[in-house]
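Please read the structure below before turning to the comments.
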Amino acid sequence: MRKRLEVVAAVVEWGGRILCMQRGATKYDYTSFRWEFPGGKIEAGETPEEAVHRELLEELDMDVIVGEHVATVDHSYPDFDIRLMFYRCTPRGASGDLPPSFTRKEHNDHCWLSPGQLTTLEWCPADYPVIELLSK
């Protein structure tokens with residue numbers, strides 16, 4: 001039986017821009033150094049919203065307000081299946097002209113892009129349906 005992951009992702013918005021995170025090397029070439037929205041696996045007993053909040057605290061030391069559900073994407077990679085639930089998030093306490101501060105603990109790089117610029121990056125394949133939705 002194929003491995004199936006239940007995962008959440010945060011569409012972190014600030015100042016009209018969206019936070020994009022670049023993965024480092026992974027065991028799969030189709031996700032290595034690709035861009036993604038921050039997030040991770042849902043743990044037992046967690047709601048997706050709780051998982052988004054926890055994952056951003058763990059990965060980025062970023063406290064967010066979890067907002068509306070954007071989309072759910074079911075995607076089959078060559079080695080596993082994934083259900084990816086996307087939520088709009090706002091960094092708690094972010095204000096002014098400077099982007100909210102956070103610490104990259106697991107990612108190679110990051111950038112803040114306008115919705116129209118999202119298509120300029122090479123994303124993990126499961127993220128593309130949401131990139132299309134957000135960039136309209």
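Side chains included, hydrogens not; waters and symmetry mates left out as well; all remaining heavy atoms used. Numbers here are sequence positions counted from 1.
The shortest non-hydrogen separation linking M21 to P38 is CG-CD, 3.8 Å. Between P115 and L134, the shortest heavy-atom contact is CB-O, 3.2 Å. Residues R104 and L60 come closest through the heavy atom pair CA-CD2, 4.3 Å. Contact detail for V73 and A126: the closest heavy-atom pair is CG1-O, 3.5 Å. Residues P48 and Y87 approach most closely at CB-OH, 3.3 Å, considering heavy atoms. Considering every non-hydrogen atom in both A10 and V52, the closest pair reads CB-CG1, 3.9 Å.
At most 12 non-hydrogen atoms from other residues, nucleotides or ligands lie less than 6.0 angstrom from NZ of K27.
Taking a cutoff of 4.0 Å between a charged side-chain nitrogen and a carboxylate oxygen, R88 and E68 qualify as a salt bridge. Comment: R4 does not engage D81 in a salt bridge, judged by the lack of any side-chain N to carboxylate O separation of less than 4.0 angstrom. By the 4.0 Å N-to-carboxylate-O rule, R54 lies close enough to E46 to be salt-bridged with it. Ion pair K105/D61 flagged as a salt bridge, since at least one NZ, NE, NH1 or NH2 atom sits closer than 4.0 Å to an Asp/Glu carboxylate oxygen.
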### Query
After noting the C-alpha distance and the side-chain angles of N108 and W35, does the key distance pass the side-chain contact (heavy atoms from CB on, under 4.5 Å) rule?
CA-CA 10 Å; N108 205 45; W35 292 83; over 6 Å; no

Open item on the list: L84 vs F37, test: side-chain contact (heavy atoms from CB on, under 4.5 Å). Steps then yes/no.
Closed with: CA-CA 10 Å; L84 194 46; F37 296 102; over 6 Å; no

Under the ring pair (Phe, Tyr, Trp, His ring centres under 6.0 Å) rule, what do F102 and H110 come out as? Steps first, then yes or no, please.
CA-CA 11 Å; F102 61 90; H110 76 277; 4.8 Å; yes

- request: Kindly determine whether M85 and I42 satisfy side-chain contact (heavy atoms from CB on, under 4.5 Å), including the steps that lead there.
  value: CA-CA 10 Å; M85 292 163 265; I42 300 172; 3.4 Å; yes

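Between the R34 side chain and the W123 main chain, a donor and an acceptor come within less than 3.5 Å of each other. In this structure, Q22 contributes its side chain and F33 its backbone to a donor-acceptor pair below 3.5 Å. Here the side chain of E132 pairs no donor or acceptor atom with the backbone of P129 at under 3.5 angstrom. In this structure, R83 contributes its side chain and V8 its backbone to no donor-acceptor pair below 3.5 Å.
When side chains are defined from C-beta on, R2 counts as touching S76, because their heavy atoms get closer than 4.5 Å. Proximity of V12 to W112: side-chain heavy atoms (C-beta onward) are separated by under 4.5 Å at one or more points. Looking only at side-chain heavy atoms (C-beta outward), L57 and D63 come within less than 4.5 Å of each other.
Residue W14 is not grouped with residue L121 when hydrophobic side chains (ILVMFWY) are merged at heavy-atom distances under 4.5 angstrom, including chains of intermediate members. A continuous path of ILVMFWY side-chain contacts below 4.5 Å connects L5 to V130, so both sit in one hydrophobic cluster. V70 and L118 end up in the same hydrophobic cluster when Ile, Leu, Val, Met, Phe, Trp and Tyr side chains are linked at under 4.5 Å.
To the nearest 0.5 Å, the span separating CG on D109 from SG on C20 amounts to 10.5 Å. Interatomic distance, CG of L113 versus CG of L19, reported as 9.5 Å (0.5 Å rounding). Here OH of Y77 is found 7.0 Å from OG1 of T31. Values are rounded to the nearest 0.5 Å. Within the model, atoms CD of E122 and CG of D127 stand 12.0 Å from one another, a figure rounded to the nearest 0.5 Å. The structure places CE of M62 at 10.5 Å from OG1 of T90, a figure rounded to the nearest 0.5 Å. Considering CD1 of I65 and CZ of R92, their distance stands at 4.5 Å, rounded to 0.5 Å.
Q117 and S114 share a side-chain donor-acceptor pair at under 3.5 Å. For the residue pair H69/E49, the side-chain donor-acceptor check at 3.5 Å is not satisfied. Remark: the H107 side chain and the R23 side chain contain no N/O donor-acceptor pair separated by less than 3.5 Å. With hydrogens and angles left out, the side-chain atoms of T119 and S135 include no donor and acceptor closer than 3.5 Å.
Between Y30 and Y28, the ring-plane angle classifies as parallel under the 30° and 60° cut-offs.
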